[in-house]
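Here the structure is laid out as structure tokens; the discussion comes afterwards.
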Amino acid sequence: MKKSIIASAAMLLSASLLTGCVIHVGDASALEGSDFSSILGNIDIAEGKHAGDISSVNGNVEISDHGGADEVSIVNGNLEMGSYVSVRNIDIVNGDVGAASHLNVLKGIETVNGNVTLPTQSTIGGSVETVNGDITAVDTTIEKHIKTLNGDITLSGSSHVLGDIVYKESESSWGKKSDNKPTLSISASVTVDGNIVLHRPVNLDIESEELKQKVIVSYSGAQ
């Protein structure tokens, strides 16, 4: 898990910022295409409007239909998006990621303690990674990998993962392996081009016999 979100938080403390208020991108006072940072306040991107980089500490970010942003970095806040939203990259600590439909992320999505819910007809240009958060995808194309340590993964519909699905070993300060086994659920209609690599015990609910053959168990004590 990259630490860019912490760098963003540090920038918030050293740069000019708005504290304890709501920033509405779409108002005359908030120019479209600008970068926005906030502590203890929410950031809202109006329908059809696009922001630059967004950084928030202790505040939610909402991007309405047909809106967008470049990098979205949040500490302690959720990212809520409407339909046909486009962002470059998402990096969150302690917050959930969700959208209505047709989400387009040019790079990837990373969370520590947050769930990622990917709606129908979405495309993720990179990987989707969590530490403790669940990952749910419906009719979504993920062009690289899905990786988690402790989260449940649920894939359904026409979802297509071009890379691997990986349950990671605990190897960073972000978290440690939970004693509770997470669950990997994959519907028969889902396509996974890569392998399903398990570096820890996982409950498997995989409908496709072909995908079952792609499971690689790689941890001590495995049966």
Side-chain angles (χ1 to χ4, degrees), residues 1-2 63 72 78-92 95-170 174-175 177-178 180-219 222:
M1 179 70 65
K2 297 183 296 185
I63 304 177
V72 180
N78 299 322
L79 174 59
E80 301 177 4
M81 295 169 285
S83 298
Y84 296 95
V85 169
S86 179
V87 298
R88 182 174 299 279
N89 193 66
I90 298 170
D91 199 351
I92 296 181
D96 297 334
V97 177
S101 71
H102 295 84
L103 173 65
N104 181 31
V105 180
L106 298 180
K107 292 186 177 179
I109 301 174
E110 294 189 22
T111 74
V112 178
N113 299 311
N115 299 327
V116 178
T117 303
L118 302 174
T120 181
Q121 301 302 314
S122 295
T123 300
I124 312 302
S127 296
V128 178
E129 300 186 38
T130 73
V131 176
N132 300 314
D134 298 337
I135 299 170
T136 303
V138 181
D139 300 331
T140 293
T141 298
I142 298 171
E143 296 185 358
K144 290 190 177 178
H145 312 293
I146 296 178
K147 298 181 180 181
T148 187
L149 177 64
N150 296 318
D152 294 337
I153 298 174
T154 304
L155 307 178
S156 61
S158 60
S159 292
H160 184 184
V161 181
L162 277 68
D164 297 330
I165 297 174
V166 181
Y167 271 89
K168 301 180 291 185
E169 298 176 286
S170 180
W174 283 119
K177 184 175 68 178
S178 170
N180 297 322
K181 288 198 296 184
T183 298
L184 171 61
S185 299
I186 307 178
S187 298
S189 54
V190 171
T191 302
V192 179
D193 291 349
N195 293 312
I196 300 170
V197 184
L198 309 180
H199 294 291
R200 59 154 301 165
V202 176
N203 293 317
L204 297 179
D205 181 14
I206 301 174
E207 295 181 355
S208 167
E209 291 298 326
E210 180 181 354
L211 288 185
K212 289 178 182 180
Q213 301 303 314
K214 292 190 171 190
V215 174
I216 299 173
V217 178
S218 180
Y219 58 88

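Please read these numbers as outputs of a predicted model, since none were measured by experiment.
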| D205 vs N203 side-chain heavy atoms within contact, under 4.5 Å | no
| Sequence neighbours excluded, which residues qualify as salt bridge (Lys or Arg N to Asp or Glu O under 4.0 Å) partners of E209? | K212
| Roughly how far apart are N150 CG and K181 NZ, rounded to 0.5 Å? | 13.5 Å
| request: Answer whether the closest heavy-atom distance between the side chains of L162 and T141 falls below 4.5 Å. | output: yes
| task | List the steps and the verdict of side-chain contact (heavy atoms from CB on, under 4.5 Å) for M81 and I90. | result | CA-CA 12 Å; M81 295 169 285; I90 298 170; 4.2 Å; yes
| query | Given the rule in the side-chain hydrogen bond (donor to acceptor under 3.5 Å, both in side chains) test, do N195 and D164 qualify, once you have shown the distances and angles that lead to the verdict? | reply | CA-CA 5 Å; N195 293 312; D164 297 330; 4.6 Å; no
| remark: Here the ring pair (Phe, Tyr, Trp, His ring centres under 6.0 Å) pairs for residues 108-135, sequence neighbours left out, are none
| Spacing of N113 atom CG and N132 atom CG [to the nearest 0.5 Å] | 4.5 Å
| query | Is a side-chain donor or acceptor of S159 paired with a backbone partner of T140 at a separation under 3.5 angstrom? | reply | yes
| message | For V138, run the side-chain contact (heavy atoms from CB on, under 4.5 Å) check against S101, S122, S156, S187 and tell me which one passes. | response | S156
| Separation of S208 OG from K214 NZ (nearest 0.5 Å) | 8.5 Å
| task | Supply the atom-to-atom distance K147 NZ to I153 CD1, rounded to the nearest 0.5 angstrom. | result | 11.5 Å
| query | Under the side-chain contact (heavy atoms from CB on, under 4.5 Å) criterion, do L79 and D96 qualify, and how do the steps go? | reply | CA-CA 6 Å; L79 174 59; D96 297 334; over 6 Å; no
| field | Residues that V202 engages under side-chain contact (heavy atoms from CB on, under 4.5 Å), provided they are two or more places apart | value | Y167, P182, L184, L198, R200, L204
| query | Going by the ring pair (Phe, Tyr, Trp, His ring centres under 6.0 Å) test, which pairs reach into residues 113-149, not counting sequence neighbours? | reply | none
| said: Among residues at least two apart in sequence or on other chains, which ones pass side-chain contact (heavy atoms from CB on, under 4.5 Å) with K107? | reply: E71, R88, N89
| Does the side chain of I165 reach to within under 4.5 Å of the side chain of L155, using non-hydrogen atoms? | yes
| Can you find a pair of side-chain heavy atoms, one from T154 and one from I135, that are under 4.5 Å apart? | no
| request: Report the C-alpha distance between I63 and V87 in whole Å, list the side-chain angles of each, state the deciding distance to 0.1 Å, and finish with yes or no for side-chain contact (heavy atoms from CB on, under 4.5 Å). | output: CA-CA 10 Å; I63 304 177; V87 298; 3.9 Å; yes
| query | Atom CG of D91 and atom CD of E129: how far apart are they, to the nearest 0.5 Å? | reply | 10.0 Å
| Inter-residue atom distance D134.CG - N115.CG, 0.5 Å rounding | 4.5 Å
| field | Worked verdict on N104 versus T123 for side-chain hydrogen bond (donor to acceptor under 3.5 Å, both in side chains) | value | CA-CA 5 Å; N104 181 31; T123 300; 5.1 Å; no
| task | Starting from the C-alpha separation in whole Å, work towards a yes-or-no answer on side-chain hydrogen bond (donor to acceptor under 3.5 Å, both in side chains) for T130 and T148. | result | CA-CA 5 Å; T130 73; T148 187; 2.7 Å; yes
| query | Less than 4.5 Å apart, any side-chain heavy atom of L118 and any of I124? | reply | yes
| message | Could you check whether any side-chain N or O of S189 sits under 3.5 Å from a backbone N or O of G157, counting only pairs where one atom can act as donor and the other as acceptor? | response | yes
| task | Check whether any side-chain heavy atom of I92 sits under 4.5 Å from a side-chain heavy atom of E110, and report yes or no. | result | no
| Which pairs, with at least one residue in residues 98-124 and sequence neighbours excluded, count as a ring pair (Phe, Tyr, Trp, His ring centres under 6.0 Å)? | Y84-H102
| task | For the residue pair V190 and H160, establish whether any side-chain heavy-atom pair is separated by less than 4.5 Å. | result | no
| task | Begin from the C-alpha positions of I196 and I206 and carry the test side-chain contact (heavy atoms from CB on, under 4.5 Å) through to its verdict. | result | CA-CA 11 Å; I196 300 170; I206 301 174; 4.0 Å; yes
